[in-house]
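Shown next, in structure tokens, is the structure this report addresses.
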2 protein chains.
Amino acid sequence: MHSVQEQFRAYLAKHKLKVTRQRKTILDAFLSSPSHLSAEELYIRLRKKHPNIGYATVYRTMKLLAESGIAAERHFGDRQTRYEANTGEEHHYHLICEQCARIVEFEDTQIDLLLQKAASAHNYTLSHRRLEIYGQCPACQKK
Amino acid sequence: MHSVQEQFRAYLAKHKLKVTRQRKTILDAFLSSPSHLSAEELYIRLRKKHPNIGYATVYRTMKLLAESGIAAERHFGDRQTRYEANTGEEHHYHLICEQCARIVEFEDTQIDLLLQKAASAHNYTLSHRRLEIYGQCPACQKK
DNA sequence: GTAGTTGCAAATCATTTGCAGTAAT
DNA sequence: ATTACTGCAAATGATTTGCAACTAC
């Protein structure tokens, strides 16, 4: 099988782009970080071990990861773009606590089906979807 | 019954804010414009008839409209915040064409129900939700 | 060697804010 | 009279870009 690293290599090769030390470093950091980090947060994490890495390089590389399908861009309420690892063709939905920002990911094939139906009903094709449910997580309800 | 204008007046009064010419003008422009305009687009429309209106005033007023529940903020793929008129307690979902950006709004009580269930299943309360389906509209599929 | 890449700093884009003058209460 | 509001320009925060030095191919 192909690892994510190989997938990235293949993407770069196809587009005549180069495999650089920075790109490998950023990919590894991305894969070993919690999900939904912003480029800035990733940059801060990276700086510890790689103090000479550039802010712009992180941005540029995250963009490449998104284009190659390895990462997916997310926009939650705030202004920053966040990234999450793209687990193949499956998609999942988000349940977000308005109080503490805790995010739960879940899948739901019934919802999948209804969304597909909704698109068809309006004669749209479906390429992807975004679903976020905002509320209070169990912990915050107790407060 | 109370018109939207009255609703805005009431909100302003409750917060000891003033009913100004600009605020009335912006509210009217917002109500008589297509949905999903950004503050900038609204500003451009307004400028035709009210050349002396300030950019910042439009931003500040849209924020007020959002706080008062008259408008709802939306974030689609791009960087700008867009606004749509808030039609009471109902909510609706968006079907967005990736090619021409045409947006169809729809409601679906089955989806409503499943989202409520999904939140409950994780012991979350539900306050609001965001659902966008991206694909190609009928017209763009033919190209 | 050549073409793509990096890091920096400066630029950009959407949005926000400080402030002096103006208008609503 | 008081207190909030406006318009402008300058400030902010996230992201992008130009460019000269550098590195993968």
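Remember, it's a predicted structure, so these values are computed and weren't measured experimentally.
No donor-acceptor contact under 3.5 angstrom links the side chains of B:Ser68 and B:Gln7, judged on distance only. Using modelled atom types, one finds a donor on one side chain and an acceptor on the other under 3.5 Å when comparing B:Glu67 with B:Tyr11. A donor-acceptor contact closer than 3.5 angstrom links the side chains of B:Glu132 and B:Tyr134.
A:Thr57 has a side-chain polar atom (N or O) that falls below the 4.0 Å cut-off from OP1 or OP2 of C:dG7.
Atom pair A:Phe76:CZ and D:dA14:P shows a separation of 17 Å (rounding to whole Å applied). Straight-line distance from the CD atom of A:Glu73 to the C1' atom of D:dT15: 11 Å, rounded to whole Å. The CD-P distance, from A:Glu41 to D:dT15, rounds to 10 Å in whole Å. Going from atom CG of A:Leu42 over to atom C1' of D:dT15 covers 15 Å, rounded to whole Å.
Following chains of ILVMFWY side-chain contacts shorter than 4.5 Å, one can reach B:Leu12 starting from B:Leu27, so the two form part of one hydrophobic cluster. B:Leu95 and A:Ile111 fall within a single hydrophobic cluster, where Ile, Leu, Val, Met, Phe, Trp and Tyr are joined by side-chain heavy atoms under 4.5 Å apart, directly or via other members. B:Val104 is connected to A:Leu131 through a chain of hydrophobic side-chain contacts under 4.5 Å among Ile, Leu, Val, Met, Phe, Trp and Tyr, so both are in one cluster.
For B:Phe106 and A:His122, the ring centers are positioned less than 6.0 Å apart.
Every side chain to side chain contact (heavy atoms under 4.5 Å, CB included) that B:Ala139 has, sequence neighbours left out, goes to B:Arg102, B:Cys137.
Counting only residues at least two apart or in different chains, side-chain hydrogen bond (donor to acceptor under 3.5 Å, both in side chains) contacts with residues 21-36 of chain A comprise A:Gln5-A:Asp28, A:Ser33-A:Arg45, A:His36-A:Glu84, A:His36-A:His94, A:His36-A:Glu105. Sorted pairs that involve residues 46-58 of chain A and meet side-chain hydrogen bond (donor to acceptor under 3.5 Å, both in side chains), not counting sequence neighbours, are lacking altogether.
The number of heavy-atom neighbours closer than 6.0 Å to CD of A:Gln110, taken from other residues, nucleotides and ligands shown, is 12 or below.
Note that the two end axes of the helix from C:dG1-D:dC25 to C:dT25-D:dA1 enclose an angle of 30°, each drawn from 5 base pairs, rounded to 10 degrees.
Shown for residues 8-35 of chain A: residues whose heavy atoms fall under 4.0 angstrom of DNA chain C, namely A:Lys16, A:Leu17, A:Lys18, A:Thr20, A:Gln22, A:Arg23.
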I need a per-nucleotide contact map over nucleotides 15-21 of chain C, read 5' to 3'. Cutoff is protein heavy atoms under 4.0 Å; write B for the base, S for backbone only, - otherwise. BBBB---
